[in-house]
Enquirer: 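Got a structure here, written out as structure tokens. Questions coming.
Throughout, a chain's letter reflects where its sequence line sits, starting with A, and its residues are numbered from 1.
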Number of protein chains: 2
Amino acid sequence: MPPEKKRMSISVKTRVRDAEATKLRILEAAKKEFSKNGLEGARVDAIALDAKANKRMLYHYFKSKDGLFRTVLEREYLNIRTEETKLDLENLPPRAALETLVRFTWEYYIKNPEFITLVNSENLCQAVHIKNSPTLRTVSQKFIRRIQALLDREVRENVFREDIDAAQLNITIASINYYYFTNRFTGAVIFERDFTSPEALQERITFNIETICRLVCKN
Amino acid sequence: MPPEKKRMSISVKTRVRDAEATKLRILEAAKKEFSKNGLEGARVDAIALDAKANKRMLYHYFKSKDGLFRTVLEREYLNIRTEETKLDLENLPPRAALETLVRFTWEYYIKNPEFITLVNSENLCQAVHIKNSPTLRTVSQKFIRRIQALLDREVRENVFREDIDAAQLNITIASINYYYFTNRFTGAVIFERDFTSPEALQERITFNIETICRLVCKN
DNA sequence: TGTGTAAGTAACTACATGGTGCATTACGCG
DNA sequence: CGCGTAATGCACCATGTAGTTACTTACACA
């Protein structure tokens, strides 16, 4: 082969073959496609095309469409929990800690709209992909224990009600934020309002913080 | 043809051809299939088979897969609003009216699990099917006005807070119930509990009523 | 009792789908 | 330098898919 051809291809991309980079491009493309069209609606050809990878690679790295979906989903769960860990809840006063948690959830959904539709897809197929994920289990346990600790601390300080279960609280915080976004399209029709205008968003997050504070705090 | 054959077929089914019955069978089968597998995952062949109808009839009555989905969805929305209308909220004391409304939503989701997944599918495709439905618009407006009237009455009687928006309240009531069911599969993995055991259900509905009462009522 | 119309059927098509077999090529390592 | 292995690409397959064509059959009504 002519040496100048090789030099050229090297100068354009420093590494023609980069397994990690390819994997990542596939995962990003898959995240987009799965979240946009659901698990069944997603097309592996579309993912490969968008990832600028050959479809063969997709099967090489992830075995199957479901294997790819599983990986995407696990990464997403890992990501939200990692971000959550960064919140400095322990050193905030009780109401502020609570508000921070609610606001974090809200903003995470805004910044990562894919998360919601991916989770919806996973629930449609009854969580088959994550059912036996040890990673997810570990990370979830840590997360719940943290919220429980927060609750316990504030109960001791006589700010929060005593009978609140951390799981129920978490479900409630997630629900009032999650539902608003996942159902914003049918919601727009039913309530005849734009769910995503800055004013609507502002109104809703304020309402949600109020909901949670009233639920948890002693009055 | 031999006359006894005709008599027999009449004695088995009084009407061999019944357009309305066929339509209904198709709609019921479609509701099952769409809610189980989503819009993209649903198979028209499976619907036709389950409905004991020929696939051609499906296209004859509903034009397309999407047309069928649209009809299913509209019927479901109509159904929940009709059931809701039967609640005698106007003649109940304030807290009882609120509790009745929350409990109705909860129980409706339990009795009609298909509703939730159908709505999820519709939101995945950005509500294209119901976007311009006049029926849905009418029925939704009526529903919101009713809740607003309830709020207004109780504000006058000084039981509820004054600044509650009916739409925000409705969204919140729906969310804390809806989310619990739609995410029960991933929830079971994350929270390591059975979301559908009688005890879990009891605990959650109690928690939800408490959440809404604390949100709306003056303390 | 005959007939037009609507209900119903089976076989089919054109195409898109997830997934593979196999050849090729780049790169790291000795 | 060269060689084995992992990365990549191409062409292909079997099957499943929504939707249709062309036909038959039951029933309401005259």
Enquirer: Does A:Arg56 make a side-chain N or O approach to OP1 or OP2 of D:dA7 shorter than 4.0 Å?
Expert: no

Enquirer: Name all residues meeting the side-chain hydrogen bond (donor to acceptor under 3.5 Å, both in side chains) criterion together with A:Tyr108; count only those two or more places apart in sequence or in a different chain, and write none if there are none.
Expert: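 side-chain hydrogen bond (donor to acceptor under 3.5 Å, both in side chains) check on A:Tyr108 returns A:Asn79.
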
Enquirer: For A:Ala21, which contact category applies under a 4.0 Å heavy-atom criterion: base, sugar-phosphate, or nothing?
Expert: nothing

Enquirer: Among the nucleotides C:dG8, D:dA18, D:dT8, which one has an atom lying closest to any side-chain atom of B:Asp45?
Expert: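 The listed nucleotide nearest to B:Asp45's side chain is D:dA18.
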
Enquirer: With respect to the phosphate group of D:dA18, does any side-chain polar atom (N or O) of B:Ser64 fall under 4.0 Å of OP1 or OP2?
Expert: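 So the side chain of B:Ser64 is outside the cut-off, no N or O lying under 4.0 Å from OP1 or OP2 of D:dA18.
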
Enquirer: Describe the nucleic acid contact of B:Ala42 in one word from base, sugar-phosphate, nothing, applying a heavy-atom distance below 4.0 Å.
Expert: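 Contact class for B:Ala42: sugar-phosphate only.
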
Enquirer: Whole-Å distance between C:dC15 C1' and A:Arg43 CZ?
Expert: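 From A:Arg43 CZ to C:dC15 C1': 12 Å.
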
Enquirer: Within the structure, does a side-chain N or O atom of B:Tyr61 lie under 4.0 Å from either OP1 or OP2 of C:dG8?
Expert: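 Checking C:dG8 against B:Tyr61, a side-chain N or O does come within under 4.0 Å of OP1 or OP2.
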
Enquirer: Would you indicate which nucleotide in C:dG8, D:dT20, C:dT20 comes nearest to any side-chain atom of B:Lys55?
Expert: D:dT20

Enquirer: With no hydrogens and no angle check, just 3.5 Å: does a side-chain donor-acceptor pair link B:Asn123 and A:Thr182?
Expert: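 The answer is no; no qualifying pair exists.
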
Enquirer: Could you give the CG-to-C1' distance, from B:Leu58 to D:dT17, as a whole number of Å?
Expert: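 Rounded to whole Å, this separation is 14 Å.
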
Enquirer: Roughly how many Å is it from CG in A:Asp18 to P in C:dG28, rounded to a whole number?
Expert: 10 Å

Enquirer: Could you state the atom-to-atom distance from CG of B:Asn54 to C1' of D:dA26 in whole Å?
Expert: 16 Å

Enquirer: Round to a whole Å and report the spacing from CD of A:Glu20 to P of D:dA6.
Expert: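 Those two atoms, CD and P, are 14 Å apart.
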
Enquirer: Within this structure, what is the CG-to-P distance between B:Leu24 and C:dA7, rounded to whole angstrom?
Expert: 14 Å

Enquirer: Run the ring-centre check on A:Tyr180 versus A:Tyr109 and record whether the distance is less than 6.0 Å.
Expert: no

Enquirer: Rounded to whole Å, please give me the gap between OH in B:Tyr59 and C1' in D:dA22.
Expert: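 After rounding, the reported distance stands at 18 Å.
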
Enquirer: So which one's nearest nucleotide on DNA chain C is more toward 5', A:Leu39 or B:Ala53?
Expert: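 The residue whose closest nucleotide sits nearer the 5' end is B:Ala53.
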
Enquirer: If we ignore angles and hydrogens, is there a donor and acceptor under 3.5 Å between the side chains of A:Gln202 and A:Thr206?
Expert: yes

Enquirer: What is the separation between atom CG on B:Leu49 and atom C1' on D:dT17, rounded to the nearest whole Å?
Expert: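 So the two atoms are 15 Å apart, to the nearest Å.
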
Enquirer: Kindly say if B:Thr22 contacts the phosphate of C:dG8, meaning a side-chain N or O under 4.0 Å from OP1 or OP2.
Expert: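 For C:dG8, OP1 or OP2 has a side-chain N or O of B:Thr22 closer than 4.0 Å.
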
Enquirer: Between B:Asp194 and B:Thr196, does any side-chain donor sit less than 3.5 Å from a side-chain acceptor?
Expert: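 The criterion, which ignores hydrogens and geometry beyond distance, is satisfied for B:Thr196 and B:Asp194.
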
